[in-house]
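The chains referred to below are lettered A, B, ... by the order of the sequence lines, with proteins before strands, and numbering in each begins at 1. Every value quoted in this text rests on a predicted model; they were computed, and no experiment measured them.
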Amino acid sequence: MSCRRGRPELGGPPELYYDKNEARKYVRNSRMIDIQTKMAGRALELLDLPEDQPCYLLDIGCGTGLSGDYLSDEGHYWVGIDISPAMLDAALDRDTEGDLLLGDMGEGIPFKPGSFDGCISISAVQWLCNANKKSDIPAKRLYCFFSSLYSVLVRGARAVLQLYPENSEQLELITTQAIKAGFTGGVVVDYPNSAKAKKFYLCLFSGPSTFLPQGLNEVTDEEEAKGSTFTTERVRYKIARRGLVRKSREWVLEKKNRCRRQGREVRPDTKYTGRNRKPRF
Amino acid sequence: MKLLTHNLLSSHVRGVGPRGLPLRLQATEVRINNVEFNPDFVARMIPKVEWEVLLEAADHLRLIEVPKGPIQGYEQDETFLRKMHHVLLEVEVLEGTLQCPESGRMFPISRGIPNMLLSSEETET
């Protein structure tokens with residue numbers, strides 16, 4: 001989870017960061033639960049499993065089982081792997097239906113080939129990018145993870161991994177290792193223009209290439225909704241505002257468009273939008 | 001840990017087999033749960049089941065009425081599917097160990113969660 005203090009991955013290994021206090025947040029904090037559940041839902045949507053068919057799925061970094069519960073609610077059976085004993089203890093208290101394993105994804109997924117119909121991961125894979133022990137080489141751990149994941153998936157199955165990459169180099173490191181392991185696919189970015197709502201989903205296919213789903217976006221014009229466009233420019237907004245008289249109808253419309261681009265709910269534009277009101281207003 | 005999961009687990013200790021080997025189960029505490037029967041799911045899992053491993057585990061846990069193998073037309077046979085459902089999804093191992101047959105390495109199971117963490121020498125780096 002990205003926090004204002006700095007990225008948690010830089011502070012130490014995940015099994016220490018996700019202690020009892022952190023686990024409690026995932027169980028009690030409704031905002032946290034809401035975000036995680038939404039992301040699990042989106043990941044399952046991107047997984048594009050056949051309709052009405054219960055599947056056997058893998059949840060990487062399952063934590064307290066929030067995403068797993070979503071899978072169970074959709075009628076699937078799942079196995080979760082997590083490195084933090086505290087998070088798994090909290091999962092046990094929540095009585096999850098899936099099986100839990102204490103393990104390190106960087107050591108490989110310890111299952112037979114072709115075990116799973118799909119894989120999801122919520123906010124976990126970026127932890128592989130930081131070396132916590134002197135002997136850790138992130139690229140090797142990533143490759144070990146991806147190659148074992150490729151093997152345990154049924155041919156043609158997908159893996160959808162939601163993650164928080166620190167920067168474009170980290171995202172590239174991750175995708176390079178995934179491609180090396182034999183996956184095709186790419187990154188789907190939801191709400192690319194919003195700092196808060198922006199989410200990255202690494203969609204990997206283990207079979208023949210299929211079309212990458214479109215990222216969620218409010219704008220349907222020239223804005224590119226798919227692909228990992230990692231820019232730091234915000235020029236568009238400044239250009240749009242220049243030359244607009246404040247409080248004019250065009251100004252109001254532009255402001256509403258900006259909010260839509262950020263993924264917020266905005267009332268539709270009508271003939272009443274930005275209309276001059278009578279003085280008694 | 002359900003028996004279905006145990007059946008699909010394999011040892012990822014460095015140097016063990018080309019794709020790892022099934023782990024030998026020793027259980028000291030087992031619980032039977034009530035899980036909703038889903039014939040579709042059970043039928044789809046049957047081809048993935050490694051029968052010797054399942055039979056050995058069922059034998060060790062002293063389970064009764066365990067089918068010895070897939071029968072002809074199992075997808076429609078509800079009795080067979082229900083038996084498999086019970087064995088694969090309703091039997092849960094709470095305490096015990098998993099042993100890698102080649103290296104002898106033991107993975108403990110505590111509160112139903114197997115600890116698959118490897119030491120630095122065992123990881124394939």
If you count heavy atoms of other groups shown closer than 6.0 angstrom to [atom1] of [X], is the number above 12?
{"X": "Leu10(A)", "atom1": "CG", "value": "yes"}
{"X": "Gln53(A)", "atom1": "CD", "value": "yes"}
{"X": "Arg155(A)", "atom1": "CZ", "value": "yes"}

Of the backbone (N, CA, C, O) and the side chain (C-beta and beyond), which part of Asn7(B) lies under 4.5 Å from a heavy atom of chain A, both, or neither? both
Heavy-atom cut-off 4.5 Å, strictly under: side chain, backbone, both or neither for Glu50(B) against chain A?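 Both parts, heavy atoms under 4.5 Å.
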Minimum-distance pair of heavy atoms, taken over all atoms of [X] and [Y]:
{"X": "Pro110(A)", "Y": "Leu9(B)", "answer": "O-CD2, 3.2 Å"}
{"X": "Lys2(B)", "Y": "Glu97(A)", "answer": "NZ-O, 2.7 Å"}
{"X": "Leu117(B)", "Y": "Asp104(A)", "answer": "CD2-N, 3.6 Å"}
{"X": "Tyr77(A)", "Y": "Leu89(B)", "answer": "CE2-CD1, 3.9 Å"}
{"X": "Glu107(A)", "Y": "Met116(B)", "answer": "OE1-O, 4.0 Å"}

Counting heavy-atom pairs under 4.5 Å to chain B, which of [options] comes out on top?
{"options": "Ile83(A), Asp52(A), Leu92(A)", "value": "Leu92(A)"}
{"options": "Asp117(A), Ile137(A), Val79(A)", "value": "Asp117(A)"}
{"options": "Gly98(A), Gly103(A), Ser148(A)", "value": "Gly103(A)"}
{"options": "Pro85(A), Gly108(A), Ser115(A)", "value": "Ser115(A)"}

Quick one: pull up [atom1] in [X] and [atom2] in [Y] and give me the separation to the nearest 0.5 Å.
{"X": "Leu101(A)", "Y": "Met1(B)", "atom1": "CG", "atom2": "CE", "answer": "8.0 Å"}
{"X": "Leu102(A)", "Y": "Ile113(B)", "atom1": "CG", "atom2": "CD1", "answer": "7.0 Å"}
{"X": "Asp89(A)", "Y": "Arg111(B)", "atom1": "CG", "atom2": "CZ", "answer": "5.0 Å"}

Counting C-beta onward and ignoring hydrogens, is there a side-chain heavy-atom pair between Arg44(B) and Cys55(A) closer than 4.5 Å?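 Counting from C-beta outward, Arg44(B) and Cys55(A) do come under 4.5 Å.
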Please state whether the side chain, the backbone, both or neither of Val152(A) comes within less than 4.5 Å of a heavy atom of chain B. neither
Under 3.5 Å: donor-acceptor pair, side chain of Lys112(A), backbone of Lys48(B): yes
